[in-house]
Each structure stands twice: as structure tokens, then as C-alpha cells.
Number of protein chains: 2
Amino acid sequence: MLHEEVVGRIRAILLDGEIPPGARIPERELCERLEISRTPLREALKVLAAEGLVQLLPHRGSRAAKLTDKDMRDLFEVCQGLEALAGELACERITDAEIDEIAAAHAAMVLHYRDGDLIQYYRGNRAIHEAIVTAAGNPVLAGLYTSVTARIRRARYVTPMTPQRWALAVKEHDAILNALQRRDGAGLSHILRAHLRHKREEVLQAGFAETEGTDLMLRIA
Amino acid sequence: MLHEEVVGRIRAILLDGEIPPGARIPERELCERLEISRTPLREALKVLAAEGLVQLLPHRGSRAAKLTDKDMRDLFEVCQGLEALAGELACERITDAEIDEIAAAHAAMVLHYRDGDLIQYYRGNRAIHEAIVTAAGNPVLAGLYTSVTARIRRARYVTPMTPQRWALAVKEHDAILNALQRRDGAGLSHILRAHLRHKREEVLQAGFAETEGTDLMLRIA
DNA sequence: TATCCCAGTTTTGCATTCAAAATTGGAGCG
DNA sequence: CGCTCCAATTTTGAATGCAAAACTGGGATA
């Protein structure tokens, strides 16, 4: 198994919440499960610690990182900045074909909204945000985005929404698609910020900071 | 020696250009120099690879990452976004005392400009940019900023400037300080973007992409 | 002479081992 | 009964050892 694969597998375990935030990471056990020895496992843990998904305590092992309200706020703040930038760049660089794909994803997502299927809605939602970032054509940006969103994923794509908020989110997504189609970078950037600000408020209001015992037990692949 | 310290030492070696971009990283040698064995060294290299400073080639060792023109452009683009965000947040959160410190740093930097001391000018310049990011009060943002700027540091703070460009940069810094003092987030954000865009043009024009043989041999601590 | 091939060497990646630090559990004491 | 302290055990962090992959260079061949 390649180094990157080990990192990926552990990252998935953490994002799935299989090892809940704050829990000790059982080295020995993971070694057996991944059929590797401690050396490559520990290499992966250090990488994940640098990413912010794992917390290393000297001589006391590693734990799945636990996000405070402040962490959550900071992450959303940065995420807003990254998506806003991605939106601007995407408008300069996106192809017609890419816009069509996003429009299709948007339409599908709206259907899930009408069906009241939150899981599928979130899945489509995430695909759209990621497509915009991809369309920005900046791998550095995409990398940071991936790492930041990984940390808030469970909160962002799991929080239940009130009908009002959900309706607003869908409306915002209409505007997002519209701005993209008009290639209105400034406009898209602005909408994305507002969209994420609302999402952040939602998440924080729902009290989804990962304090003791919060385990969402959800796997949004 | 602590893990973080090992990472830091190797990072410094790379940023100093002691191991020039593209060069092979001599594992054995570094082990002796840092007086550690291969295990912690390799852990550090994987972390630095995740940061983008090191390139890992399976079964072929690691090299100091080499930046192409595209990489440089992408990094500057992201850096613009991060600083713009930092500027906005800083205006909301910065204290009067912090503004005074930045004003003092600015004044000192202008003196170095008048002296024609580019090294000292760059040092002050960097301190100001970092102070703004710090004032944003967002550790996640600060972390990403550190990692992104590390990768372009040699280009950003080493490129020689024409008198015109230098004068313009100083003028932009006047405007930066002014916006900060007025706590004009939008304005500051705008100026920072322009400032960095100009810097990027300068760097790319100077052909400072790290292709073969480019070794700046400079240490701006 | 240039190219190909293959044994010898080096380097890499990982498993294992070992010392040091932390945790545990229970005996002794208040 | 609860607290403290200390030896036994576990876990961590790092050095070493080992198999496999990649490099090297010298000779055979075209």
C-alpha cells in the first residue's frame, strides 16, 4: 500500500467519524486493520496532524482532532475566502461545457430538494461547490480547499436545515448558477460568501462544534 | 529533538536554498547533520511533501520541490486571496496598539527604502504583511498563509526591483497603512490584491520560476 | 564506437527492536 | 473508605535490520 493511500484511508476513517473527534487513535489496531506496521502508520498520522485532522500529544499518542466553535468559525471564514476566490477565477476560466455540467448538477440537486432528500441534496451541493473550485484551474487553491472543507465536512454537510433555510440555500444556488452563466466573477464571489456565511450561522447555531460526545454517526460519501 | 523541530529545521534548509529546488535530498547526510535516524527524518519529509516543499518519488527518494511558472502563478493567486481576506478581517479586529506597531514597522521600512537597503526593506515588508495576517485573528488562515508564502518566499522577497516598481510598492504600502488606520476592509483588501498582483508580475517577468540551475543563494531570515 | 545487458552496489521502504515515558493497578497508609 | 505511592505493564518515539527496488559501470555484441 502506497503512502498516499494510507493517508487517504485514515482520513476517510476520521471523516466518517468512525474514530469520533477527541477519541484516541488506536495505533496497534489500525496497523492490523490496514495490514501495515507502525512506521508507515505514524508517517501518515504526522501528515494528518499537519492537515489539522489529527492532534499529536507528545508521548501521549494521537487523537482525532476536535473542533471548537472558534475553530469552526475560523474554518468557515477561510472557506468563504477560498470559495470566493475560486468563484472569481472560475468565471474567468470556466468552459461552456463545464457550465453545462454544473447546470445539470444544479437541476438534479433542485429535484432532490423538491423530494426532500437531504442526503442526496447535500451530495449534489458538494459536487457543485467542488466543480466551481475545479473550474478555477488552480491546483494550489483546490488543495487548500480540500483540506479546509475536509475538516468542516461533517458539520457542513450534515446539519439539518429548517424549510426556510433550505429554501434560501436553494435560492442562493440559483443565483450562483446564474452568476456563473453570466461569468460575473464579482457577483459569484459575493453570493458564495453570503451562502457560506449563512451555512456557518446555521452550523454554529445548531451547536455542531465537536465537543464531548458529539458523534454524528453519518457517512456522507 | 521534537518532531516539529525536525520539520522546521528541514524547512529552513529548503527555504534558504541550501538544498536548491530540484536537488535530491540526501537522506543519510541530513540524518548525520541533524543527529537523528532515518525514521523521524522520513516522517518530516512526508509532512513537508504534503506542504508542497518536497516532492516524493516512490522508490526514488525525495527532492526539493521545483516551482514552475504555473505553480508560481497559482501560489500568488491564492496568496492574494488569503491576504485580501486577512485584510478584511484585520480591519474588523485589529487593535489600536497593533495598528501603531504596523505604522512603526511601515515607517522603518520606508527609511530602508530611502537608504536603498533592499534586504532590510524586504524584511520590514514581510513583517507588515505577516502582522496584518496575525491581526485577522484566524489561526487557520495564518497557517495556510505561512505555508503558501513559504513556497514563494524566495521569489517574493528576493526579486530585484526597478526604481519605478519599488516606488510603486512603497506607495501601495502607504495606502495599505492608510486603509488599516481607517479600518477600511474593502479598501485594504483591494489594495493588497493589487499590490500582490504587481509583485507577481514582477516575479514572473524576472523569470524566477525555479527551473534548472536557478539558485538564488540568498538567505532572508 | 555505441548500445545493451546484467552482476554488484546503493538506496528506499517497511518491519522489528529497544529505551524511555506514560499509564495502570494494587498495596500501604492516613 | 479514600488517598498516595511505586512497581509492573503498556505505549510511545526512535534506531536498527532486512528485503526489494533502483542505480552503476564494465564487458559483450552489433
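A note on names: the letters A, B, ... follow the listed sequences, proteins ahead of strands, and every chain is numbered from 1. This one's a predicted model, so the numbers in the text were calculated from it and none came from an experiment.
Residues B:L57 and B:S62 form no side-chain contact, since every pair of their non-hydrogen atoms from C-beta on lies 4.5 Å or further apart.
The B:H59 side chain lies nearest to D:dA22 when the options are D:dA22, D:dA15, C:dA22. Residue B:R28 places its side chain closer to C:dT12 than to any other of D:dT12, C:dT12, D:dA15. Out of C:dA15, C:dT23, D:dA22, the shortest distance to the side chain of A:P40 is found at C:dA15.
Side-chain N/O atoms of B:R200 and B:Q205 include no donor and acceptor closer than 3.5 Å.
We find that CZ of B:R42 is positioned 17 Å from P of D:dG17, with the value rounded to whole Å. Remark: P of D:dA15 and CG of B:L30 are 14 Å apart, rounded to the nearest angstrom. The CZ-C1' distance, from A:R63 to C:dT23, rounds to 13 Å in whole Å. The interatomic distance linking B:E27 (CD) with D:dA15 (C1') rounds to 14 Å, in whole Å. Taking atom CD of A:E43 as the reference point, atom P of C:dT12 lies 13 Å away to the nearest angstrom. When the P atom of D:dA14 is taken as reference, atom CE of B:M1 falls 9 Å away, rounded to whole Å. Between B:L41 atom CG and D:dA14 atom C1' there is a gap of 12 Å when expressed in whole angstrom units. At whole-Å resolution of the value, CD in B:E32 and P in D:dT16 are 12 Å apart.
Only one option out of B:R197, B:R193, B:K199, B:R156 pairs with B:E83 in a salt bridge (charged side-chain N to carboxylate O under 4.0 Å, His left out); it is B:R156.
Contact annotation: side chain of B:S37 to base of D:dA14, donor-acceptor pair absent below 3.5 Å.
For A:R38 and C:dA15, the shortest distance from a side-chain N or O to OP1 or OP2 is not below 4.0 Å. Within the structure, a side-chain polar atom (N or O) of A:R24 is placed less than 4.0 Å from OP1 or OP2 of D:dT12.
The residue among A:I36 and A:P58 whose nearest nucleotide of DNA chain C lies closer to the 5′ end is A:I36.
Relative orientation of the B:H129 and B:H195 rings is parallel, given thresholds of 30° and 60° on the angle between their planes.
For B:R151 and B:E51, the salt-bridge test fails: no basic side-chain N is under 4.0 Å from an acidic carboxylate O.
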